[in-house]
**Q** 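This is the structure I want to talk about, given as structure tokens.
Note that ligands are numbered from 1 as they come in the structure, with each ligand's atoms numbered from 1 the same way. The analysis underlying the following values was restricted to heavy atoms, covering all of them including side chains, and did not include hydrogens, waters or symmetry mates.
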Amino acid sequence: MNLSRIAGVGHYVPENIVTNDDLSKLMPTSDEWITERTGIKERRYFTEGKDTVASMGANASRMALQRAGIDVSEVELIVFATTTSEYYFPGSGVLLQRELGLPGIPAMDIKMQCSGFIYALSVADQFIKSGMYKTALVVGSEIQSNAIELSERGRNMAVIFADGAGAAVLQQTQNKEHSILSTHLHSDGTFAEELYMRHPGSLLKKRLTAEMITNGEVLPHMNGQLVFKNAIVRFMEVISEALEANNYSKEDIDLLIPHQANLRISEYIRAKLEMHEDKVFNNIMRFGNTTTASIPIAMSEAWAEGKIKPGDLVCLAAFGSGFTWASALIKW
Ligand code: COA
């Protein structure tokens with residue numbers, strides 16, 4: 001039976017470090033407020049004149065391919081998860097394909113926000129299982145700092161969201177002991193407006209005006225407390241779903257990599273699952289919430305630090321705008 005395995009993981013973060021103290025100079029906030037509520041100490045913002053969503057995705061992809069020992073010419077499919085593509089259209093997938101020099105292969109975008117990387121992983125996994133492709137690049141990359149306002153009215157988003165990219169190379173295998181065991185995808189559009197960016201969009205049913213831009217209607221909006229309450233429930237559900245589907249229990253997990261939404265959410269899940277600190281990977285303190293990029297950046301760092309070894313049971317889980325939530329269970 002065809003299965004897919006993660007052959008390599010990589011990441012790229014911009015060199016521009018923005019600390020909580022830097023933000024405190026631009027808006028009424030403090031290191032204490034941000035640290036206490038989110039766990040974030042610093043994040044990266046893109047370097048002007050250098051970084052784009054696709055260029056950062058390309059850097060992460062090259063690292064993943066190099067670690068996998070796979071030549072870029074072997075890639076047959078690109079699945080690119082992003083919320084912040086360069087253009088309104090086309091998507092970032094084709095720009096990555098152009099940058100990597102792979103003309104002709106399919107390159108698709110997935111717009112599922114913080115669950116986007118697991119959705120993209122699932123799509124690539126299905127194509128490989130079906131036998132259609134043998135090698136796929138799955139990428140999550142975001143430049144969110146451009147869409148947030150560094151001001152009092154933008155501060156609840158500004159202190160959380162940041163820029164970065166991560167990638168995984170998937171390769172066909174027949175060996176279940178080193179493969180993606182299952183992926184689990186969910187959404188509930190009832191909550192679409194609880195974490196969203198309205199413009200440019202059609203639901204307003206009128207044209208965008210300069211006044212709407214001045215009024216800040218183009219800025220993203222988040223109902224932080226509702227997001228928090230739903231996130232902790234859905235994270236728990238979707239992790240349990242993945243374990244039950246494969247007859248594993250929480251004690252079998254070698255490493256849980258939650259989407260880096262908020263350190264308090266990760267800590268809540270860890271406590272509920274009664275897992276040791278070493279078994280839940282967090283790097284939000286250094287990178288903030290990078291949406292689609294957070295899970296592959298975390299996988300890449302965890303792998304490099306020796307926290308993921310061949311044969312380990314790794315659980316990925318995410319929750320975010322949509323609402324969407326998802327998990328993946330992987331035998332590394
Ligand atoms: N610095 C200082 N004060 C801030 C602030 C900031 N960056 N952002 C908001 N505030 C203020 C608010 O204006 C409010 O002031 P008021 O009481 O005078 O009206 C006060 O702090 C409390 O705001 P509230 O939104 O209730 O804060 P909170 O305790 O819920 O924390 C979040 C806000 C966003 C940190 C929290 O709701 C959260 O973590 N939510 C989940 C977000 C998340 O994970 N999103 C990603 C999903 S993928």
Side-chain angles (χ1 to χ4, degrees), residues 18-43 81-84 110-119 140 142 144-145 147-164 166 185-189 191-197 216 219-239 257-270 280 282-285 287-298 316-327:
V18 179
T19 65
N20 292 346
D21 287 338
D22 293 333
L23 291 184
S24 306
K25 290 177 192 131
L26 302 168
M27 63 189 81
T29 192
S30 65
D31 176 47
E32 192 188 0
W33 195 97
I34 302 168
T35 306
E36 188 186 311
R37 286 180 173 71
T38 70
I40 300 165
K41 297 300 280 185
E42 60 186 43
R43 74 284 292 139
T82 185
T83 319
T84 52
I110 299 278
K111 195 172 181 178
M112 300 306 288
Q113 304 70 250
C114 295
S115 307
F117 184 80
I118 299 181
Y119 268 76
E142 304 283 2
Q144 304 183 107
S145 60
I148 49 188
E149 192 172 84
L150 301 174
S151 69
E152 182 164 3
R153 73 178 178 188
R155 66 181 175 176
N156 75 324
M157 303 287 281
V159 300
I160 294 179
F161 293 96
D163 307 340
L185 312 178
H186 298 281
S187 61
D188 184 353
F191 298 98
E193 286 78 20
E194 302 299 346
L195 176 47
Y196 81 133
M197 189 157 155
L219 298 175
H221 160 82
M222 177 173 71
N223 180 347
Q225 293 190 11
L226 190 86
V227 169
F228 195 101
K229 283 181 195 146
N230 278 268
I232 54 179
V233 173
R234 298 307 193 186
F235 263 113
M236 293 301 295
E237 276 177 14
V238 84
I239 293 167
I257 302 183
H259 160 53
Q260 303 290 293
N262 181 318
L263 192 60
R264 282 196 305 159
I265 294 178
S266 292
E267 277 297 308
Y268 178 93
I269 302 163
R270 188 184 69 73
V280 182
N282 289 303
N283 59 10
I284 190 169
M285 306 75 89
F287 298 134
N289 179 336
T290 56
T291 302
T292 60
S294 92
I295 288 180
I297 294 173
L316 313 179
F319 174 87
S321 158
F323 291 151
T324 59
W325 58 106
S327 64

**Q** Can you list the atoms of ligand 1 that are under 4.0 Å from a heavy atom of Val159?
**A**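 Here the atoms of ligand 1 in question are 7 (N).
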**Q** Is there a nitrogen or oxygen of Thr38 sitting under 3.5 Å from a nitrogen or oxygen of ligand 1?
**A**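 N/O-N/O distance below 3.5 Å does not exist for this pair.
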**Q** Against heavy atoms of Phe319, which atoms of ligand 1 measure under 4.0 Å?
**A**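 Heavy-atom distances to Phe319 below 4.0 Å select 48 (S).
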**Q** Considering only heavy atoms of His259, which atoms of ligand 1 have at least one such atom less than 4.0 Å away?
**A**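 It comes down to these atoms of ligand 1: 48 (S).
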**Q** Can you list the residues that meet the side-chain contact (heavy atoms from CB on, under 4.5 Å) rule with Asp31, with sequence neighbours excluded?
**A**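 By the side-chain contact (heavy atoms from CB on, under 4.5 Å) rule, Asp31 matches Asn20, Asp21, Thr35, Lys41.
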**Q** Please identify which atoms of ligand 1 are closer than 4.0 Å to at least one heavy atom of Asn156.
**A**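 It comes down to these atoms of ligand 1: 8 (N).
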**Q** Is a donor on one side and an acceptor on the other found under 3.5 Å between the side chain of Gln260 and the backbone of Pro258?
**A**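 It does hold such a pair.
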**Q** Less than 4.5 Å apart, side chain to side chain, heavy atoms only: is that true for Phe117 and His259?
**A**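 Of all side-chain heavy-atom pairs linking His259 with Phe117, none is under 4.5 Å.
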**Q** Which label fits Tyr196 and His221: parallel for a plane angle under 30°, tilted from 30 to 60°, or perpendicular past 60°?
**A**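 Tyr196 vs His221 ring planes: perpendicular.
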**Q** Using every non-hydrogen atom in the two residues, find where Gln144 and Asn289 come nearest and quote the distance to one decimal.
**A**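 Result for this residue pair: NE2-O, 3.2 Å.
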**Q** Please could you name the atoms of ligand 1 that Asn289 approaches to less than 4.0 Å, counting only its heavy atoms?
**A**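 Numbered from 1, ligand 1 contributes 46 (C), 48 (S).
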**Q** I need the nearest protein heavy-atom contact for atom 24 (P) of ligand 1: residue, atom name and distance, please.
**A**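 Among all protein heavy atoms, the one nearest atom 24 (P) of ligand 1 is Gln225 NE2, 3.8 Å.
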**Q** At what distance is the nearest protein heavy atom to atom 44 (O) of ligand 1, and which residue and atom is it?
**A**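 Sorting protein heavy atoms by distance from atom 44 (O) of ligand 1 puts Ile265 CD1, 3.5 Å first.
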**Q** Please report which non-hydrogen protein atom sits nearest to atom 45 (N) of ligand 1, along with the residue it belongs to and the distance in Å to one decimal place.
**A**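 For atom 45 (N) of ligand 1, the nearest protein heavy atom comes out as Met222 SD, 3.4 Å.
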**Q** Hey, is atom 19 (O) of ligand 1 under 4.0 Å from any protein heavy atom?
**A**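 Protein heavy atom within 4.0 Å of atom 19 (O) of ligand 1: absent.
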**Q** Who pairs with Glu152 by side-chain contact (heavy atoms from CB on, under 4.5 Å), at least two apart in sequence or on another chain?
**A**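 Partners of Glu152 by the side-chain contact (heavy atoms from CB on, under 4.5 Å) criterion, ordered by chain and then number, come out as Pro28, Arg155.
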**Q** On a heavy-atom basis, which atom in Thr19 and which in Arg43 lie closest, and how many Å separate them?
**A**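 It is C-NH1, 3.4 Å.
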**Q** Nearest heavy-atom pair of Lys111 and Gln113: which atoms, and what distance?
**A**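 Distance-wise, the nearest heavy atoms are O-OE1, 3.1 Å.
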**Q** Could you identify the single nearest non-hydrogen protein atom to atom 14 (C) of ligand 1 and state the distance to 0.1 Å?
**A**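 Among all protein heavy atoms, the one nearest atom 14 (C) of ligand 1 is Arg155 NH2, 4.8 Å.
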**Q** Quick one: are Trp325 and Glu237 in side-chain contact, heavy atoms under 4.5 Å?
**A**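 Yes, at least one pair of side-chain atoms sits under 4.5 Å.
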**Q** I'd like to check Asn262 versus Tyr268 (side-chain heavy atoms, cut-off strictly below 4.5 Å). Are they in contact?
**A**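 The answer is no, as the side chains (C-beta and beyond) never meet within the 4.5 Å cut-off.
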**Q** What are the two closest non-hydrogen atoms of Ser115 and Gly320, and how far apart are they?
**A**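 In terms of heavy atoms, the two residues are closest at OG-N, 3.9 Å.
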**Q** Can you report which non-hydrogen protein atom sits closest to atom 48 (S) of ligand 1, along with the distance?
**A**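 Checking every protein heavy atom, the shortest distance to atom 48 (S) of ligand 1 gives Cys114 SG, 3.2 Å.
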**Q** For atom 31 (O) of ligand 1, what's the nearest protein heavy-atom neighbour? Residue, atom name and distance, please.
**A**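 Closest protein heavy atom to atom 31 (O) of ligand 1: Arg37 CD, 3.4 Å.
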**Q** Which atoms of ligand 1 have any heavy atom of Asn262 under 4.0 Å away?
**A**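 Counting atoms of ligand 1 from 1, those under 4.0 Å from Asn262 are 38 (C), 39 (O), 44 (O).
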**Q** Using a distance threshold of 4.0 Å (strictly less than), state whether atom 1 (N) of ligand 1 has a protein heavy-atom neighbour.
**A**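 It does; a protein heavy atom is within 4.0 Å.
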**Q** Nearest to atom 10 (N) of ligand 1, what protein heavy atom do you find, and at what distance?
**A**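 Here the closest protein heavy atom is Trp33 CZ2, 3.4 Å.
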**Q** Hey, are Thr292 and Glu142 close enough side-chain-wise for a donor-acceptor pair under 3.5 Å?
**A**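 Yes, side-chain donor-acceptor contact under 3.5 Å.
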**Q** So which bit of Pro28 gets within less than 4.0 Å of ligand 1, heavy atoms only: side chain, backbone, both or neither?
**A**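 The answer is the backbone.
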**Q** Testing the basics here: between Leu150 and Met27, what is the closest heavy-atom pair and its distance to 0.1 Å?
**A**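 Here Leu150 and Met27 meet closest at CA-CE, 3.7 Å.
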**Q** Any non-hydrogen protein atom below 4.0 Å of atom 6 (C) of ligand 1?
**A**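 Yes; the ligand atom in question has protein heavy-atom contact below 4.0 Å.
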**Q** So which protein heavy atom does atom 40 (N) of ligand 1 come closest to, and at what separation?
**A**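 So the nearest neighbour among protein heavy atoms is Gly224 O, 2.9 Å.
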**Q** Which ligand 1 atoms does Val227 reach within 4.0 Å, using its non-hydrogen atoms?
**A**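 Those qualifying, in numeric order: 43 (C), 45 (N), 47 (C).
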**Q** In ligand 1, which numbered atoms sit nearer than 4.0 Å to a non-hydrogen atom of Ile160?
**A**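 The atoms of ligand 1 under 4.0 Å from a heavy atom of Ile160 are 34 (C).
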